[in-house]
Amino acid sequence: MSQTGFPSALDFSKRRECNSVAAADNGQVITVCGWVYRYRDQGGVLFVDLRDRSGVVQVVFDMAIDAELLKKAESLRGEDVIAVIGKVRLRDKNAVNAKLATGEIEIVATTLELLSKAKPSPIPLDEHDQEASEELRLEYRFLDLRRKPMQEALRVRHEFIRTVRNFLDGEGFWEIETPILNKSTPEGARDFLVPSRLNAGEFYALPQSPQIFKQLLMVAGSERYYQIARCFRDEDLRRDRQPEFTQIDIEMSFIDKEMIMALNERLIAAAMQSAFGVTVDAKPERITYHDAMELYGNDKPDTRFAMQLTELGDWAALTEFKVFKGAAETGRLKALCVPGGASLSRKDIDDLTQWVMQDYKAKGLAWVKVSETGLESLITKFLPEAAQQELLKRTGAKAGDIIFFAGDRADIVFATLSALRLKLAEKLNLIPDTYKASWVVDFPLFDWDHETESLLSVHHPFTAPVPEDAHIVKAAANAACITPEMQKALLKVRSNAYDFVLNGVEIGGGSLRIHASDLQQAIFRLLKISDAEAESRFGFLLKGLTFGAPPHGGIAFGVDRVLMLGLKRASIRDVMAFPKTQKGTCLMSGAPSPVDEKQLRELYVKSTAPVAKVR
RNA sequence: GGGGUUGUAGCUCAGUUGGUUAGAGCAUCCGCCUGUCACGUGGAAGGCCGCGGGUUCGAGUCCCGUCAACCCCGCCA
């Protein structure tokens, strides 16, 4: 018996990776292990493409060399796990396979060990086969992950994170872990809760992000912290949203906004380069929130292509169209010129109209096509010559283009035109295949919540206002009541926050934090979080800020989304090893699942679900 | 919570206007083949047409419901 426990000369310590075998090994006797990727039985000779993590190499079983062994090899099937000892041989010139990295050589088998027999795979694993449905791929994820695109995703993901770790280590950051079992601070997303057995009726929450802990690490004098942090948010899923996801979480002390932005520009450039071989701007452009909304209708604009929105608020007066005039008075009127969009059929436009009405609450979708002879549309009769000329001038529209109009409440106008811009640019192939990053800055600090009639944090309540605007916050917080003027001023207060946007995807965001407890308390007051409530929810942070807190700030990047972009995958699930379905279930393990009554009793928990679902 | 797409052999799909025994490719099984490389080749087996109702002489096909996966809106500090 060998050390491996197999009755042969097999010695795993001698194993070579399949892809490493090369012409230089000619004549060597080597050991390779892996999965049977393909086999080609020719009768007297049988070829096996042996696959391991590194790649594929051809193994030959030849009747002329060992008829017994050939017989044994004839029973091999796809995905059997085998070990082969054999002699490396140069292939004949006409037998070289240029498509294979190891195509110059082959391994003539002298020993074959079947390490594990495989049932036929329920999903095709060959890169040339049609991909199985995602449902099956998720059920048999351990097989799906053997496939080349998935292996690549795991490898690149590792490479990306490795680069991030090395980079931040080189910049003096400490990787520090923060708790997963946490205090619930219901602000923003819904928490995942964990009942406490030792504290009847009480619950931990899984972290939506390590926000408060990373700030307290600054109070604790860590100065430069990072973490590849798992975050949890119990919200509905999307193509780019999973209930648990990974962030590069960063926090620094004694820095200003420029320092943070500059460091992260270098970090992302380095990681994109090493993981994807992609070069992104070392100095991404900066766009204010205001400009992003006005020009793209979106706070995470895809700036790889222009197609900027056109302001038509004052233009409406030139027309005789009541709908436009009304919108310009009570809301906003803007247009989107789509180059080449005149090719859209009437049905295309009808479909788009239905879509923006259904999804973005638009009341309709007005349009004009531009041709050599003039404007074509149902609404041209409302557009006098002067209005038509001015429209062409402002939008820069040329023959063959189409102009869409949106006149409504501001948020509806922005949402509608932004969605149209992205959808049509993609449909008409107007988006170049590049990577373009930008910072979005000068976000408002507060938003107005129509439901509760109160202020809301745009970012999170620990975000600092820009220094020039801090006095407005303090004055309003100290005032006996908020006057309408004050409220207006508050909604204009800019935050010291920044979002990193790559190809129209928000991949990171952060801010300078409030490090003074009085300003923090002022913000809570304005957010209608009472002293008592603030104390019970974030008391430990507030307390921390009173014991000597350094000026600090940070950022967090969504690892999964960056990988999605870098690998050009359609879904976040394709860059994660074990993702969940849109309903948050794991098709492989069956999670979530009912638990024993006993477990619930121990946790002082009683389910009020009508009836446990049978899956 | 709302809108949409899909569900037929192990897998990917086709299936006409509702009409005989539901097909193809790949995989599987049994053969043949000494240089293939997505090998080739001969044969065989393989079906709860997602599930439950309904309409009909007759349903994979039409209607209602339901389940699942996916996409979008709401939601996601």
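If you're wondering where the values come from, they're calculated on a predicted model, not measured in any experiment. Convention: sequence-line order gives letters A, B, ...; per-chain numbering from 1.
- Donor-acceptor pairing under 3.5 Å, judged by distance alone, is absent between the side chain of A:R38 and the base of B:rU36.
- Distances shown here put a side-chain N or O of A:R40 below 4.0 Å from the OP1 or OP2 atom of B:rC39.
- Taking only side-chain nitrogens and oxygens, A:R238 never comes nearer than 4.0 Å to OP1 or OP2 of B:rC76.
- For A:R77 and B:rC29, the shortest distance from a side-chain N or O to OP1 or OP2 is below 4.0 Å.
- Taking side-chain N and O atoms only, A:R573 has a distance below 4.0 Å to OP1 or OP2 of B:rC71.
- Below the 3.5 angstrom threshold, one finds no donor paired with an acceptor across the side chain of A:E235 and the base of B:rG74.
- Base pairing analysis places B:rC62 opposite B:rG54; the two distances defining the Watson-Crick or G-U wobble pair are each below 3.5 Å.
- Across every strand in view, B:rG42 sits in a pair with B:rC30 that passes the Watson-Crick or G-U test at under 3.5 angstrom.
- The base of B:rC11 does not come close enough to the side chain of A:R137 for any donor and acceptor atom to sit less than 3.5 Å apart.
- Contact of A:R233 with B:rC76 (side chain to base): no donor-acceptor pair of N or O atoms is detected under 3.5 Å.
- A centroid separation of less than 6.0 Å is found between the aromatic rings of A:F524 and A:F538.
- Note on A:L46: nothing from the nucleic acid sits closer than 4.0 angstrom, heavy atoms only.
- Remark: the A:Q58 side chain and the B:rU36 base include a donor-acceptor N/O pair separated by less than 3.5 Å.
- The shortest distance between the side-chain N/O atoms of A:S133 and the OP1/OP2 oxygens of B:rA69 is not below 4.0 Å.
- The phosphate of B:rA69 has OP1 or OP2 within less than 4.0 Å of a side-chain N or O from A:T585.
- The base of B:rG3 lies outside donor-acceptor range of the side chain of A:D359, with no N or O pair under 3.5 Å.
- No side-chain donor-acceptor contact under 3.5 Å links A:T102 and A:Q58.
- The side chain of A:Q42 places no N or O atom within less than 4.0 Å of a non-bridging phosphate oxygen (OP1 or OP2) of B:rG40.
- Taking the six-membered ring for Trp, A:Y296 and A:F414 have ring centres at least 6.0 Å apart.
- Dashed line: the shortest gap from a side-chain N or O of A:K99 to OP1 or OP2 of B:rC37 is not under 4.0 Å.
- A donor-acceptor contact under 3.5 Å is formed by the side chain of A:N97 with the base of B:rC37.
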